[in-house]
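To keep things clear, I will list the structure first and then write my remarks on it.
What you see below is based on every heavy atom in this structure, not just the backbone, and it leaves out hydrogens, waters and symmetry mates. Naming: A, B, ... by sequence-line order, numbering from 1 per chain. Just so you know, these numbers come straight off a predicted model, no measurement behind them.
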There are 2 protein chains.
Amino acid sequence: MASEKRLEVVTCTAPVNIAVIKYWGKRDEELILPINSSLSVTLHQDQLKTTTTAAISRDFTEDRIWLNGREEDVGQPRLQACLREIRRLARKRRSDGHEDPLPLSLSYKVHVASVNNFPTAAGLASSAAGYACLAYALARVYGVESDLSEVARRGSGSACRSLYGGFVEWQMGERADGKDSIARQVAPESHWPELRVLILVVSTEKKPTGSTAGMQTSVETSALLRFRAEALVPARMAEMTHCVRERDFQAFGQLTMKDSNQFHATCMDTFPPISYLNDTSRRIIQLAHCFNAHHGQTKAGAGGAPRAASPPPGAASPSRSPGLTSWLQVAYTFDAGANAVIFTLDHTVAEFVAAVRHSFPPELNGDKFLKGLPVEPVPLSDELKAALGTDPTPGGIKYIIATQVGPGPQVLDDPGAHLLGPDGLPKAAA
Amino acid sequence: MASEKRLEVVTCTAPVNIAVIKYWGKRDEELILPINSSLSVTLHQDQLKTTTTAAISRDFTEDRIWLNGREEDVGQPRLQACLREIRRLARKRRSDGHEDPLPLSLSYKVHVASVNNFPTAAGLASSAAGYACLAYALARVYGVESDLSEVARRGSGSACRSLYGGFVEWQMGERADGKDSIARQVAPESHWPELRVLILVVSTEKKPTGSTAGMQTSVETSALLRFRAEALVPARMAEMTHCVRERDFQAFGQLTMKDSNQFHATCMDTFPPISYLNDTSRRIIQLAHCFNAHHGQTKAGAGGAPRAASPPPGAASPSRSPGLTSWLQVAYTFDAGANAVIFTLDHTVAEFVAAVRHSFPPELNGDKFLKGLPVEPVPLSDELKAALGTDPTPGGIKYIIATQVGPGPQVLDDPGAHLLGPDGLPKAAA
């Protein structure tokens, strides 16, 4: 029985997620309740994941946490909120009369160790995967089986979307206590096997405005953000859900780009204004529109991007309207940073990666430039090179991570995977 | 009498104007009627002006036009619209029974020559000054004395605001025929003598999206632009008018920055998105907020910019709200390009120019870097240097033009000023 063991230990992994309908702004800073619902794609853990080990023992004298090998302050409010919440759920579960596999565990202190398999320097939002993994591991070790949305959400709002694989919505909810502000899977990871994701890691010197401070200022100052959240997002959530269910890449890609642009527009409308995109980000946006325009056999219009083109058979979509991209091959989205996340379909990956190499000649050697899923090199047609136009920006993109849609959090059964040793302290870094 | 003269010739000058409540989007492409009212500051012609000579003669066989020495196609639709409109007004005036100083002039062809005293390369919107000057010169030569808003507006919407000095509003109007879409002076150039204007000309390779194509795409695709025009601009027009009348620089500057940011936000919300600001533009925005924050004795907050600071005595303003800049010293605004226009007061010019030199060390020699009104060099305090923080960007700004609020179009009496000779052809370029 666990109660006889000196140490109860669990190790889990959790994924990164990328929002295609963006979350920006809280209606409750304490409970982390959003001003609008959001929808995300869970990325595969083969490329990007957080691994977290949680151990409890009657011998531990205090809660402790190690992130990427360094011990951090466990007193940090959001961490404390997660611990309080998981212990509350465990207590609730027992009082609900379930036989308790860990009689004394509620009084046990916990040790947590967490690592990412990707460089934090890459500027990829790791807090979502991190808090989802923490919530998942704590639930296992404390024997909690209820919905973990609130536990993860209290750590980082978007973390609740990393609790599921595939396509996930975070329903904003209406209740003041946040009980109905939860994550739900819209479609599993197996739903759209052709979908691919390319993360273009952009070289940038300075750290961008933190999203917590940024979104707070936006809520306080941007009338456009309020309008977006109240008047525009509900319809976009419904449309995006439809696009995903129908696997309509045309509509999915177009709405993904428009929602990313609108999010960054509300950042610009914030006072003082917030800019996450830099000149390289904007060149990537232009590259994507030129690439699509080329495949749409359309002429470049406003912003060097395509004007209305006749949609190909079957490309019709609910969101098609005048002046928008048709025959879409790639779609971009940007979170609170300069890195681009590109959605495309398997048959387009090789050509688009070649286009990126053409527009952003790698400074480090070619092998290191492309990480993740293998992509075979293909030549670029002269027509496409001409369509891409703009002069190359060497080194503008540090590297590309090629990945795909993936599953939710996992429990690792192999004891060798534990990040904490029998003494409850981090093993010597592998 | 004019009718006996072989050549009737008039030379006028007109100013550039900078909108502080932005015009973006037409409700009528043909008549050039805007989706919202706008308000601008007329810049002084000592630094920026267009000079236009219009000549009519019974001997001319066709309308002709020369811009900056090169003959252009007079058949260009907007030019034709201006000519049609001025001749309509002249005809109307005669039919209204005014004695006509130029009995036959209506049938005469016109020759027009126009030059700017500033490099078009600078990327400063010259069309407003150009069409205002054309309307003004044509009116004089054809003996038209009625409101010229429509004549100028048909050439370029914002041109109607260059028909007056000081502070000018363009009332959007409601009529389908546009008769009530006219420019009006809010306050004369003498109203706010301390106000200064600095144009920071930003180095940029590529020409931005033209505003005509850009705003059309925005109207077609941006829900945020529609909301801004309908729900936000009316109150902003009223507030800006109040700020100008009261000479409240705190409120004027803050609303000017917010409206510029919101305009660029709607460009970002356009699909495909439009970006006029580049990394240098964004560094200027940050510089302005840091400069203000330093003088507000506030700590830098979100976006490296000031959070709420206690307003100094008398700085209270209708637009003051939590988290916004207090004790504001400079305000930026950007039109459809990367150049910044800075508004400040006379006593702050020297220190801010020093701050710009510090953050954007000139590549060409110091004298050429500063044009226009004289600005004496002053040293920067170490505190301010520290507050500006960010590492310098050499050559990011090509040069600065220092100017101020100025008068409207003028008629030049000196015959030596004519750009057309007695033969009605351009004089040898001076």
Side-chain angles (χ1 to χ4, degrees), chain A residues 205-206 208-210 212-218 220-225 227-228 231-232 254 257-258 260-275 277-282 285-286 288-290 292-293 300-308 321-325 390-391, chain B residues 205-206 208-210 212-218 220-225 227-228 231-232 254 257-258 260-275 277-282 285-286 288-290 292-293 300-308 321-325 390-391:
Chain A
E205 58 295 337
K206 66 188 226 321
T209 306
T212 300
M215 66 175 71
Q216 189 176 354
T217 311
S218 294
E220 288 169 357
T221 62
S222 174
L224 297 188
L225 176 63
F227 175 71
R228 159 182 162 76
L232 303 179
Q254 190 172 99
M257 291 188 281
K258 290 164 79 175
S260 174
N261 295 337
Q262 189 167 85
F263 154 54
H264 290 283
T266 62
C267 288
M268 189 68 210
D269 186 51
T270 299
F271 193 79
I274 302 168
S275 301
L277 307 182
N278 63 20
D279 286 349
T280 301
S281 311
R282 266 177 302 283
I285 288 174
Q286 199 181 11
H289 284 289
C290 289
N292 287 332
R307 307 281 298 157
S321 65
L324 299 190
T325 311
T390 61
D391 33 22
Chain B
E205 58 294 335
K206 66 189 228 320
T209 307
T212 300
M215 66 175 70
Q216 189 175 356
T217 310
S218 294
E220 288 169 357
T221 63
S222 174
L224 298 188
L225 175 62
F227 175 71
R228 160 182 161 75
L232 303 179
Q254 191 172 100
M257 291 187 281
K258 289 166 79 176
S260 174
N261 294 337
Q262 189 167 84
F263 154 53
H264 290 282
T266 63
C267 289
M268 189 68 210
D269 187 51
T270 299
F271 193 79
I274 302 168
S275 301
L277 307 182
N278 62 21
D279 286 351
T280 301
S281 311
R282 267 177 301 283
I285 288 173
Q286 199 182 10
H289 284 290
C290 289
N292 288 332
R307 305 282 297 156
S321 68
L324 299 190
T325 310
T390 61
D391 32 23

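- Side-chain contact between A:Phe271 and B:Gln254: present, with at least one pair of heavy atoms (C-beta onward) separated by less than 4.5 Å.
- In this structure, A:Asn278 and B:Asp279 approach most closely via the heavy-atom pair CA-OD1, 3.4 Å.
- When all heavy atoms are compared, the tightest approach of A:Pro273 to B:Ile285 is CG-CG2, 3.6 Å.
- The one candidate from B:Arg282, B:Gln262, B:His264, B:Met268 that meets the side-chain contact (heavy atoms from CB on, under 4.5 Å) condition with A:Met268 is B:His264.
- Ranked by heavy-atom pairs under 4.5 Å with chain B, the list A:Thr266, A:Leu277, A:Leu224 is led by A:Leu224.
- Residue contact with chain A, scored on non-hydrogen atoms closer than 4.5 Å, involves the side chain of B:Leu232 exclusively.
- B:Asn261 and A:Thr270 get closest at one heavy-atom pair: ND2-O, 4.3 Å.
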